[in-house]
Amino acid sequence: MAQCKSVLVFGATGLVGTHIMRHLLAKKARFDRIAVFTSRNTVETKSEVVAQLKAEGVEVICGELTNADDVKHAYEGIDTVVSAVGRNMIERQIELIRLADEATSVSWFFPSEYGTDIEFSSKSAHEVPHQKKLKVRAAIRGCQNLDYSFLVTGPYGDGDPGLYFSSNTGAEEAGSFDATAREAVLLGDGNVPISFTTMNDVGKFLVLALLHPAASRNKVLKVNSFTTTDHEILAEFEAQTGGTSWRTRYTSIDKLKDLEAAAWTASNPLATLFTLRRIWAEGGTLYRQRDNHNIDAEHVVDTLADAVAAAILVQAQGEKEVKRKLT
Ligand SMILES: NC(=O)c1ccc[n+]([C@@H]2O[C@H](COP(=O)([O-])OP(=O)(O)OC[C@H]3O[C@@H](n4cnc5c(N)ncnc54)[C@H](OP(=O)(O)O)[C@@H]3O)[C@@H](O)[C@H]2O)c1
């Protein structure tokens with residue numbers, strides 16, 4: 001089984017890409033080359049991040065994702081491509097995959113997944129937010145010379161804006177844990193099990209997948225950090241924020257479905273978030289088995305307590321950012 005020695009990352013400075021890079025760099029001795037492909041705009045607007053990557057020995061290749069020559073040039077000598085592009089660029093990967101299939105050196109491609117299992121059940125094929133990722137899976141499965149890995153992580157157990165362990169400002173009814181206001185909105189009866197992966201663990205799993213090609217190539221890898229319920233998450237937040245009870249409300253699954261339908265009708269950009277939360281609350285993250293053990297990740301994952309501690313810090317930092325901007 002071919003090993004991954006030269007890896008190129010798309011989306012390296014993005015939300016999850018940053019975590020992937022941190023874990024790749026922690027294992028850089030295992031690779032001959034680590035390169036990132038990024039736009040001129042990112043090189044200018046995130047110059048400190050780019051300088052840090054270069055200081056760590058990362059090759060920074062500047063180009064446009066929409067320019068085939070730039071991408072072909074970046075693929076030279078690369079055996080594995082990891083994409084962590086954001087939702088707005090998902091479909092663009094079909095061309096990146098076609099070019100990777102043509103490139104002589106590239107043999108393995110991780111498209112930007114890192115979320116809900118888009119082939120969980122027969123219903124999954126009809127979920128609006130899955131459509132572009134389903135097209136990407138079809139494109140890569142049709143390739144002649146390219147292996148794939150789809151890293152399925154479920155929702156992120158993190159406190160960054162809009163993620164499950166955040167206050168979810170603007171869409172609180174779809175679930176919220178606000179560590180400052182000490183308020184929560186729980187889904188269903190609060191006892192629905194959901195399987196989460198912290199973004200820290202997404203980076204860890206991705207690198208372990210690269211290092212275990214026999215277990216990862218041409219596989220849908222279903223991984224997670226922990227499975228828990230809203231009540232258990234709330235109890236952990238309460239324990240870590242002074243031990244007293246938070247003000248708590250509930251959104252029934254029917255109410256969530258109404259919010260989802262109204263958001264799609266109004267072309268509200270939050271519609272995707274409502275749909276994903278409804279899928280998670282209906283059990284769409286509860287896989288029959290997980291693949292952590294296949295890539296030696298069984299004992300290295302974050303716990304619920306780790307995730308909540310990190311989320312409290314991230315939420316507090318977010319508040320500071322807002323105050324800084326206001327003063
Ligand atoms: N499971 C969950 O709860 C969850 C939550 C959020 C996202 N996700 C998934 O995680 C994956 C990555 O999402 P993300 O939120 O981390 O992405 P992101 O931060 O929005 O974007 C990642 C990167 O995509 C590249 N990019 C975006 N727009 C571009 C453009 N117009 N031209 C060129 N490059 C562009 C940029 O790369 P550079 O760094 O090179 O500039 C950017 O840093 C997606 O598949 C998403 O669905 C999952």
Side-chain angles (χ1 to χ4, degrees), residues 8-22 24 35-50 52-54 58-67 70-71 74 81-93 95-96 109-118 120 127-137 149-166 168 171 174-175 194-203 205-206 222-225 269-270 272-281 284-285 307 311 314:
L8 176 76
V9 180
F10 290 110
T13 74
L15 184 67
V16 79
T18 309
H19 293 271
I20 290 173
M21 289 311 296
R22 189 159 39 77
L24 258 179
V36 305
F37 181 99
T38 194
S39 64
R40 183 153 304 285
N41 182 50
T42 293
V43 170
E44 283 163 13
T45 55
K46 299 184 184 171
S47 54
E48 280 177 29
V49 180
V50 172
Q52 182 64 37
L53 288 173
K54 283 184 180 165
V58 174
E59 261 175 75
V60 175
I61 302 171
C62 192
E64 294 305 323
L65 277 181
T66 47
N67 183 320
D70 287 354
V71 174
V81 176
V82 172
S83 171
V85 295
R87 274 202 165 267
N88 58 335
M89 295 302 283
I90 294 297
E91 248 177 325
R92 183 71 214 162
Q93 294 178 113
E95 179 64 2
L96 300 180
F109 199 106
F110 286 68
S112 188
E113 288 256 348
Y114 323 118
T116 308
D117 183 5
I118 57 175
F120 183 76
E127 300 287 7
V128 181
H130 293 356
Q131 297 310 309
K132 291 178 181 170
K133 287 188 178 178
L134 285 168
K135 280 190 201 162
V136 170
R137 282 195 182 186
S149 295
F150 304 142
L151 191 66
V152 172
T153 62
Y156 298 158
D158 289 77
D160 303 62
L163 300 185
Y164 207 89
F165 285 41
S166 78
N168 204 17
I194 301 179
S195 207
F196 293 93
T197 301
T198 61
M199 288 193 284
N200 178 43
D201 281 347
V202 174
F205 286 131
L206 191 285
K222 294 177 187 171
V223 292
N224 70 1
S225 301
L270 287 171
T272 293
L273 182 144
F274 287 124
T275 296
L276 291 173
R277 291 201 174 209
R278 187 258 304 152
I279 292 170
W280 304 339
T285 65
V314 167

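Atoms within each ligand, like the ligands themselves, are counted from 1 in listed order.
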Would you mind listing which atoms of ligand 1 come within a distance below 4.0 Å of any non-hydrogen atom of [X]?
{"X": "Thr13", "value": "38 (P), 39 (O), 41 (O), 43 (O)"}
{"X": "Phe37", "value": "40 (O)"}
{"X": "Gly115", "value": "1 (N)"}
{"X": "Ala84", "value": "12 (C), 22 (C), 23 (C)"}
{"X": "Leu15", "value": "14 (P), 15 (O), 16 (O), 19 (O)"}
{"X": "Asn88", "value": "27 (C), 28 (N)"}

Flag the pair [X] / [Y] as yes when at least one side-chain heavy-atom distance between them is below 4.5 Å, and no otherwise.
{"X": "Met199", "Y": "Tyr114", "value": "no"}
{"X": "Pro155", "Y": "Leu276", "value": "no"}
{"X": "Thr272", "Y": "Val128", "value": "no"}

Option of least heavy-atom distance to [atom] (set: [options]):
{"atom": "atom 6 (C) of ligand 1", "options": "Phe196, Phe10, Tyr156", "answer": "Tyr156"}
{"atom": "atom 45 (O) of ligand 1", "options": "Ser112, Gly14, Gly86, Ser39", "answer": "Ser112"}
{"atom": "atom 30 (C) of ligand 1", "options": "Arg87, Arg92, Gln93, Met89", "answer": "Met89"}
{"atom": "atom 12 (C) of ligand 1", "options": "Thr66, Val85, Ile20, Thr38", "answer": "Val85"}

So, the side chain of Ser166 versus the backbone of Asn168: is there a donor-acceptor pair under 3.5 Å, distance only? yes

Counting only heavy atoms closer than 4.0 Å, does ligand 1 sit against the backbone of [X], its side chain, both, or neither?
{"X": "Leu163", "value": "side chain"}
{"X": "Val36", "value": "neither"}
{"X": "Leu65", "value": "side chain"}
{"X": "Lys133", "value": "side chain"}

With a 4.0 Å cut-off on heavy atoms, is Tyr164 in contact with ligand 1?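 Distance cut 4.0 Å: Tyr164 fails for ligand 1.
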
Please verify whether a non-hydrogen atom of Gly154 lies at under 4.0 Å from ligand 1.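 So Gly154 counts as touching ligand 1.
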
Show your working on side chain to side chain contact (heavy atoms under 4.5 Å, CB included) between Leu96 and Val81 and close with a plain yes or no. CA-CA 9 Å; Leu96 300 180; Val81 176; over 6 Å; no

Output yes when the distance from some N or O of ligand 1 to some N or O of [X] is under 3.5 Å, and no in every other case.
{"X": "Val16", "result": "yes"}
{"X": "Ile90", "result": "no"}
{"X": "Trp280", "result": "no"}

Distance (rounded to the nearest 0.5 Å) between [X] [atom1] and [Y] [atom2]:
{"X": "Thr198", "Y": "Phe205", "atom1": "OG1", "atom2": "CZ", "result": "7.5 Å"}
{"X": "Leu206", "Y": "Met21", "atom1": "CG", "atom2": "CE", "result": "10.5 Å"}
{"X": "Ile118", "Y": "Ile279", "atom1": "CD1", "atom2": "CD1", "result": "10.5 Å"}
{"X": "Leu53", "Y": "Thr18", "atom1": "CG", "atom2": "OG1", "result": "8.5 Å"}

Side chain to side chain contact (heavy atoms under 4.5 Å, CB included) assessment of Ser225 paired with Phe196: CA-CA 6 Å; Ser225 301; Phe196 293 93; 5.6 Å; no

Do Glu127 and Lys133 meet the salt-bridge criterion of a basic N to acidic O distance under 4.0 Å?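 A salt bridge is absent here (no side-chain N lies under 4.0 Å from a carboxylate O).
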
Write out the residue and atom name of the closest protein heavy atom to atom 37 (O) of ligand 1, then the distance separating them to 0.1 Å. Gly11 CA, 3.3 Å

Shortest protein contact, atom 41 (O) of ligand 1 (heavy atom only):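 Ranking protein heavy atoms by distance from atom 41 (O) of ligand 1, first comes Thr42 OG1, 2.5 Å.
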
The test is side chain to side chain contact (heavy atoms under 4.5 Å, CB included); show your working for Val85 and Leu65 and say whether it passes. CA-CA 10 Å; Val85 295; Leu65 277 181; 4.1 Å; yes

Ile61 vs Phe37, side chain to side chain contact (heavy atoms under 4.5 Å, CB included): CA-CA, chis, key distance, verdict: CA-CA 5 Å; Ile61 302 171; Phe37 181 99; 4.2 Å; yes

